[in-house]
Amino acid sequence: MKSKIKIMEVLIMVKTLKNKMQMAAVKAHSALTNRSGDQMTGWLIVVLIVVVVGAIFMTLYQSSITQIWNSIVAKITNLLK
């Protein structure tokens, strides 16, 4: 039961992260297609956003991801026995 709740929390977090990434992509697209702006600056902004969001996600949810990964490995190990 507890692992199902953790899995649901991670799925919600992934969905939230996906929405934020989509918004960042939309903003980056508008920055890149803007003829008055510099394309390299737009790409650097995209890379910076991806790195920062990824670092925040991994920092906040590292224990949950590790726990889910360990449970998946344990289930696969039990299936192989």
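Being a predicted model, the structure only gives us computed values, none of them experimental.
- Linking Ile, Leu, Val, Met, Phe, Trp and Tyr whenever their side-chain heavy atoms come within less than 4.5 Å puts Val52 and Val14 in one cluster.
- In this structure, Met21 and Val53 approach most closely via the heavy-atom pair SD-CG1, 4.0 Å.
- Taken to the nearest 0.5 Å, the OG1 atom of Thr16 stands 10.5 Å off from the CG atom of Leu11.
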Legend entry - Worked check of side chain to side chain contact (heavy atoms under 4.5 Å, CB included) between Lys20 and Ile49: CA-CA 10 Å; Lys20 289 185 178 187; Ile49 289 171; over 6 Å; no

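- In terms of hydrophobic clustering, with Ile, Leu, Val, Met, Phe, Trp and Tyr side chains grouped at heavy-atom distances under 4.5 Å, Leu48 and Phe57 are assigned to a common cluster.
- Here Met13 contributes atom CE and Ser64 contributes atom OG; the two are 5.0 Å apart, rounded to the nearest 0.5 Å.
- Here the CD1 atom belonging to Ile5 is positioned 9.5 Å from the CE atom belonging to Met8, to the nearest 0.5 angstrom.
- Just one of Leu44, Val50, Val51 meets the side chain to side chain contact (heavy atoms under 4.5 Å, CB included) condition when paired with Val47; it is Val51.
- Annotation: the span from Lys81 atom NZ to Ile76 atom CD1 amounts to 13.5 Å, rounded to 0.5 Å.
- Crowding of Gln62 atom CD: a count of heavy atoms from other residues, nucleotides or ligands under 6.0 Å not exceeding 12.
- Looking at heavy atoms from C-beta onward, Met58 lies in side-chain contact with Ile65 at the 4.5 angstrom threshold.
- By the rule that hydrophobic residues join a cluster once side-chain heavy atoms approach within less than 4.5 Å of another member, Ile56 and Val10 end up as members of one cluster.
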